[in-house]
Q: 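Have a look at this one before I ask anything.
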Amino acid sequence: MKTITTPITQADIDGLKAGDMVLVSGYIYTGRDAVLPKIVKLMEEGKLAEYGIDLEGGVVFHTAVSVAGTGPTSSNKLEIEASIEPLSKGGIRMHMGKGALKKETIDAMDKYGSCFAIIPPVTALLESKVESREVIAFPEEGMEAFHRLYVHEFPVIIGAVHGKTIDDEEAQA
């Protein structure tokens with residue numbers, strides 16, 4: 001099992017292959033379909049720094065944060081998947097969630113040196129790995145606000161990297 005600490009470097013991404021099991025530690029961001037398009041807009045307007053957001057080497061976990069726990073949402077929802085390319089271009093190196101992504105999205109991640117990590121649907125386990133949380137932007141969105149979490153040994157599986165997915169036969173070799 002590999003271990004990665006945020007911020008993630010390009011060398012970290014270069015060392016991954018589809019199917020790797022990875023433990024991620026450090027600060028990660030959260031967002032779903034309500035907030036990720038707003039983060040992309042802030043990025044395009046050059047306003048991320050106003051919220052203390054630095055995407056370089058970052059991780060975005062596609063989830064809402066609630067007292068019930070932290071579990072993945074479907075990354076292939078229109079608003080979430082549409083955010084992956086611009087956020088990758090903006091410095092995000094890992095997107096965490098669940099579901100199959102379009103080939104165009106996987107190619108865009110490859111172009112910008114990022115990857116997609118599948119989160120097993122084990123909310124209680126993931127919650128035990130979250131050491132702190134804070135709302136960074138859009139508190140009016142409630143549990144779907146943009147949060148920053150500090151995690152320790154957050155388990156993921158690399159689902160897509162270098163233009164290949166966990167489902168590709170050549171990735172299994």
Side-chain angles (χ1 to χ4, degrees), residues 1-18 20-33 35-40 42-43 48-49 51-65 69-77 79-99 101 105-106 108-123 125-138 144-162 166:
M1 181 151 324
K2 296 181 181 197
T3 301
I4 294 178
T5 301
T6 64
I8 296 175
T9 66
Q10 190 59 54
D12 292 328
I13 297 298
D14 291 345
L16 296 174
K17 67 180 189 344
D20 280 350
M21 295 180 66
V22 178
L23 297 174
V24 177
S25 295
Y27 288 105
I28 67 174
Y29 296 107
T30 67
R32 291 177 34 146
D33 35 341
V35 76
L36 289 177
K38 293 178 180 183
I39 296 301
V40 169
L42 287 178
M43 183 182 69
L48 289 177
Y51 292 86
I53 299 170
D54 180 4
L55 300 180
E56 190 57 45
V59 174
V60 170
F61 179 15
H62 304 148
T63 188
V65 177
T70 306
T73 195
S74 297
S75 299
N76 53 10
K77 290 180 181 178
E79 295 86 353
I80 295 174
E81 190 161 2
S83 75
I84 292 175
E85 180 174 3
L87 290 175
S88 295
K89 183 178 181 182
I92 292 294
R93 294 290 158 249
M94 183 180 287
H95 303 267
M96 297 177 173
K98 67 179 183 179
L101 299 177
T105 304
I106 292 164
M109 286 188 300
D110 184 39
K111 177 179 178 180
Y112 295 112
S114 67
C115 68
F116 175 63
I118 299 165
I119 298 286
V122 288
T123 303
L125 167 65
L126 296 179
E127 185 59 23
S128 73
K129 302 294 184 180
V130 176
E131 294 185 3
S132 70
R133 69 184 78 218
E134 63 183 309
V135 174
I136 298 296
F138 307 108
E144 292 194 26
F146 198 63
H147 288 77
R148 181 170 58 194
L149 310 178
Y150 186 83
V151 300
H152 182 71
E153 296 185 344
F154 212 70
V156 299
I157 299 167
I158 302 303
V161 66
H162 308 301
I166 197 169

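One is the number of the first residue; the rest follow in order along the sequence.
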Q: Evaluate Y51 against F146 for ring pair (Phe, Tyr, Trp, His ring centres under 6.0 Å), listing each step before the verdict.
A: CA-CA 10 Å; Y51 292 86; F146 198 63; 9.0 Å; no
Q: What orientation do F116 and H62 show, parallel under 30°, tilted 30 to 60°, or perpendicular over 60°?
A: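 Taking H62 first and then F116, their aromatic rings lie parallel (interplane angle under 30°).
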Q: Check whether any side-chain N or O of Y27 sits under 3.5 Å from a backbone N or O of P7 as a donor-acceptor pair, and report yes or no.
A: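 Not confirmed, Y27 side chain does not pair with P7 backbone.
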Q: Which heavy atom of A82 sits nearest a heavy atom of P86, and at what distance?
A: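 Here A82 and P86 meet closest at O-CD, 3.3 Å.
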Q: What residues, two or more places apart in sequence or in another chain, satisfy salt bridge (charged side-chain N to carboxylate O under 4.0 Å, His left out) together with D20?
A: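 With sequence neighbours excluded, D20 shows a salt bridge (charged side-chain N to carboxylate O under 4.0 Å, His left out) to K2, K17, given in chain and number order.
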Q: Taking salt bridge (charged side-chain N to carboxylate O under 4.0 Å, His left out) as the test, write out the residues that go with E144, two or more places apart.
A: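 Salt bridge (charged side-chain N to carboxylate O under 4.0 Å, His left out) check on E144 returns R32.
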Q: Is there side-chain contact between E85 and M109, with at least one heavy-atom pair below 4.5 Å?
A: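 No; the side chains remain at least 4.5 Å from each other.
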Q: Among I80, I84, T30, find the residue that satisfies the side-chain contact (heavy atoms from CB on, under 4.5 Å) test when tested with L36.
A: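 The side-chain contact (heavy atoms from CB on, under 4.5 Å) with L36 is passed solely by I80 among I80, I84, T30.
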Q: So, do D12 and R93 sit near enough that their side-chain heavy atoms are less than 4.5 Å apart?
A: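 A side-chain contact under 4.5 Å is absent here.
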Q: Would you say H95 and S83 are linked by a side-chain donor-acceptor pair, where the criterion is simply a distance under 3.5 Å?
A: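 There is no such pair (donor and acceptor under 3.5 Å, judged by atom type) between the side chains of S83 and H95.
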Q: Do any N or O atoms from the side chain of H162 and from the backbone of I13 form a donor-acceptor pair under 3.5 angstrom?
A: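 It does hold such a pair.
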Q: With rounding to the nearest 0.5 angstrom, report the CD1 to CZ distance, I28 to R133.
A: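 Between atom CD1 of I28 and atom CZ of R133 there are 10.5 Å.
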Q: So, applying side-chain contact (heavy atoms from CB on, under 4.5 Å) with M96, which one of V24, V60, I118 is it?
A: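 Exactly one candidate clears the test, V24.
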Q: To the nearest 0.5 Å, tell me how far K89 NZ sits from Y112 OH.
A: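 The distance works out to 4.5 Å.
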Q: Quick one: does I39's side chain get under 4.5 Å of L48's, heavy atoms only?
A: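 Contact flag for I39/L48 side chains = yes.
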Q: Might you point out which heavy atoms bring A18 and V161 nearest each other, and give the distance in Å?
A: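 Closest pair (atom of A18, atom of V161, distance): N-CG1, 3.7 Å.
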Q: Does F154 form a side-chain contact (heavy atoms from CB on, under 4.5 Å) with T6? I'd like the steps, not just the answer.
A: CA-CA 11 Å; F154 212 70; T6 64; over 6 Å; no
Q: Working to the nearest 0.5 angstrom, can you tell me the gap between T73 OG1 and F61 CZ?
A: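 That separation rounds to 9.5 Å.
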Q: Can you find a heavy atom in the side chain of I158 that is under 4.5 Å from one in the side chain of M94?
A: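 In contact.
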Q: Say you draw a straight line from CD1 of I4 to OG1 of T9; how long is it, rounded to the nearest 0.5 Å?
A: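 It is 8.0 Å, given to the nearest 0.5 Å.
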Q: Identify the two heavy atoms, one from C115 and one from A160, that lie closest to each other, and give their separation to 0.1 Å.
A: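 Taking every non-hydrogen atom into account, CB-O, 3.2 Å.
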Q: Roughly how far, to the nearest 0.5 Å, is OG1 of T63 from NZ of K98?
A: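 Atom-to-atom, K98:NZ and T63:OG1 are 9.5 Å apart.
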Q: If we only count heavy atoms from C-beta on, is the P155 to M1 side-chain gap below 4.5 Å?
A: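 Of all side-chain heavy-atom pairs linking M1 with P155, none is under 4.5 Å.
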Q: Starting at CG of D33, measure out to OG of S75 and round the result to the nearest 0.5 Å.
A: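 Here the interatomic distance stands at 10.5 Å.
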Q: Taking atom NZ of K38 as the centre, report whether more than 12 heavy atoms of other residues, nucleotides or ligands fall under 6.0 Å from it.
A: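 Enclosed.
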Q: Is the backbone of A145 close enough, under 3.5 Å, to the side chain of H147 for a donor and an acceptor to pair up by distance?
A: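 Between the backbone of A145 and the side chain of H147 there is a qualifying donor-acceptor contact (under 3.5 Å).
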